[in-house]
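Any value given below was found using the heavy atoms of this structure, including those in side chains, with hydrogens, waters and symmetry copies removed. Fair warning: this is a prediction, and the values are worked out from it, not measured in the lab.
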Amino acid sequence: MIILKIIGCILTIISSSLIGYIYGKSYKDRLENLIYLENCIRILETEIMYGANPLPEALENVYKKGNEKVSFIFNEISQSLKECKSGEVLECFLIISDTMKKDLNFKKEDVEVFTNLGRSIGSSNRKDQEKNFKLILAQIKALQKEARLEKEKNEKMFKNLGFLSGLAIVIILL
C-alpha cells in the first residue's frame, strides 16, 4: 500500500511538472519563432529588392533558405498564390494566420504584423516596399523584446508552479 502511494505521489509530481514545463516552453517557442520569422523576412527582402524575383519564386526561396520551423508558411503562401486565380496577396497571407497562431505560438499582434507585410508586398513600388520592410522588421524587433520579457517572467514561473502544485496535491492527499 505504501509503495502505491509513493508511485502515485511521484506520478502526480512528474505530471504536474510536465504540464508546467509545456506552458513555460510556449513562451520560449514564441521568442524563437519571432527570431526565425525576422530572418525569413530579411531573406524575403533580399529576394525581392536585390534579386528582383517574382513573389511566388521569392517565397519559395525563403522556404528553402530559412529555418524550417517557420519558413514552411512561406511555402504555403507561395502555393496558394500559384493556385489563387485572383492573385490577391493579402488573401494568401490571411489563409496562413490560423496556422501561425496554432503551430508557432504567435499572438494576434504577431500575426497582424505579418499580414501587414502581405498588404504592402504586392501593391507598392520598390521604395515603398523597402520602407515597409524596415517598418515591419522594426515591429518584429519590438515584438521580440516583448516576447523576451514575457519569457523571462513566465517561463520559470510556470515550471516552478507546475512542480509546486504537484507537491501541494501530494501533501493534501497524504
Side-chain angles (χ1 to χ4, degrees), residues 18-51 53 55-84 86-124 127-162:
L18 188 62
I19 291 170
Y21 177 78
I22 290 170
Y23 274 116
K25 189 175 182 300
S26 68
Y27 290 98
K28 179 183 172 189
D29 288 345
R30 177 179 175 234
L31 177 62
E32 284 180 358
N33 291 336
L34 280 171
I35 291 170
Y36 294 146
L37 181 66
E38 178 191 9
N39 292 338
C40 288
I41 290 175
R42 287 187 189 280
I43 294 170
L44 182 64
E45 178 184 21
T46 303
E47 290 290 325
I48 291 174
M49 300 304 294
Y50 306 111
N53 293 327
L55 188 58
E57 185 181 324
L59 291 168
E60 283 182 19
N61 289 341
V62 171
Y63 168 66
K64 293 173 187 173
K65 294 176 184 176
N67 189 311
E68 293 175 2
K69 207 172 173 189
V70 174
S71 68
F72 73 93
I73 60 177
F74 292 95
N75 188 39
E76 290 183 25
I77 293 170
S78 173
Q79 296 303 321
S80 68
L81 266 176
K82 289 177 182 176
E83 294 170 3
C84 185
S86 66
E88 191 64 32
V89 178
L90 180 59
E91 288 177 18
C92 299
F93 273 75
L94 289 174
I95 290 171
I96 202 73
S97 63
D98 290 334
T99 305
M100 292 177 74
K101 287 180 185 174
K102 284 187 247 174
D103 295 346
L104 300 176
N105 294 322
F106 282 163
K107 290 184 174 182
K108 183 181 175 184
E109 52 268 7
D110 304 336
V111 176
E112 283 179 16
V113 168
F114 189 70
T115 54
N116 285 339
L117 176 67
R119 279 187 186 94
S120 65
I121 200 168
S123 62
S124 57
K127 283 186 177 182
D128 289 341
Q129 284 185 1
E130 189 173 357
K131 290 176 187 176
N132 286 327
F133 275 118
K134 287 180 181 178
L135 176 67
I136 288 169
L137 289 171
Q139 289 173 337
I140 288 178
K141 281 286 189 193
L143 290 171
Q144 285 176 3
K145 192 178 285 186
E146 174 193 324
R148 187 168 284 115
L149 290 173
E150 283 183 7
K151 176 189 169 266
E152 290 171 359
K153 185 171 93 174
N154 294 328
E155 183 182 25
K156 193 173 184 179
M157 178 190 70
F158 276 112
K159 288 179 181 179
N160 290 335
L161 187 64

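Here ring pair (Phe, Tyr, Trp, His ring centres under 6.0 Å) pairs that include residues 133-155, with residues two or more places apart or in two chains, number zero.
Atoms NZ and CZ, on Lys101 and Phe106 in that order, are 12.5 Å from each other to the nearest 0.5 Å. Summarising the geometry, atom OG1 belonging to Thr99 is positioned 8.5 Å from atom CG belonging to Leu104; distances are rounded to the nearest 0.5 Å. The distance from the CD1 atom of Ile121 to the CG atom of Asp128 is 13.0 Å, given to the nearest 0.5 Å. Here Cys40 contributes atom SG and Glu68 contributes atom CD; the two are 10.5 Å apart, rounded to the nearest 0.5 Å. One distance of note links OH of Tyr23 with CE of Met157; it measures 11.5 Å at 0.5 Å rounding. Here the CG-CG distance, from Asp110 to Leu143, works out to 5.0 Å after rounding to the nearest 0.5 Å.
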_For a side-chain contact (heavy atoms from CB on, under 4.5 Å) check, start with the C-alpha distance between Glu76 and Ile73, then their side-chain angles and the critical distance, and finish with the verdict._
CA-CA 5 Å; Glu76 290 183 25; Ile73 60 177; 5.6 Å; no
*Worked check of side-chain contact (heavy atoms from CB on, under 4.5 Å) between Asn67 and Asn39*: CA-CA 8 Å; Asn67 189 311; Asn39 292 338; over 6 Å; no
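With 3.5 Å as the limit, one finds no donor-acceptor pair spanning the side chains of Asn33 and Arg30.
Remark: Lys134 NZ is loosely packed, at most 12 non-hydrogen atoms of other residues, nucleotides or ligands lying under 6.0 Å away.
Considering Val62, Asn61, Ile96 in turn, Val62 is the only one that fulfils the side-chain contact (heavy atoms from CB on, under 4.5 Å) rule with Phe74.
Glu150 and Lys107 are joined by a salt bridge, as a carboxylate oxygen and a charged side-chain nitrogen come within less than 4.0 angstrom of each other. One finds a salt bridge joining Glu155 and Lys159 here, because a Lys/Arg side-chain nitrogen approaches an Asp/Glu carboxylate oxygen to under 4.0 Å. Comment: Lys25 engages Asp29 in a salt bridge, judged by a side-chain N to carboxylate O separation of less than 4.0 angstrom. One finds a salt bridge joining Lys141 and Glu38 here, because a Lys/Arg side-chain nitrogen approaches an Asp/Glu carboxylate oxygen to under 4.0 Å.
Residues satisfying the ring pair (Phe, Tyr, Trp, His ring centres under 6.0 Å) test with Phe72, not counting sequence neighbours, are none. With sequence neighbours left out, Lys65 forms a salt bridge (charged side-chain N to carboxylate O under 4.0 Å, His left out) with Glu47.
Side-chain atoms of Leu59 and Asn75, non-hydrogen and from C-beta on, never get closer than 4.5 Å to each other.
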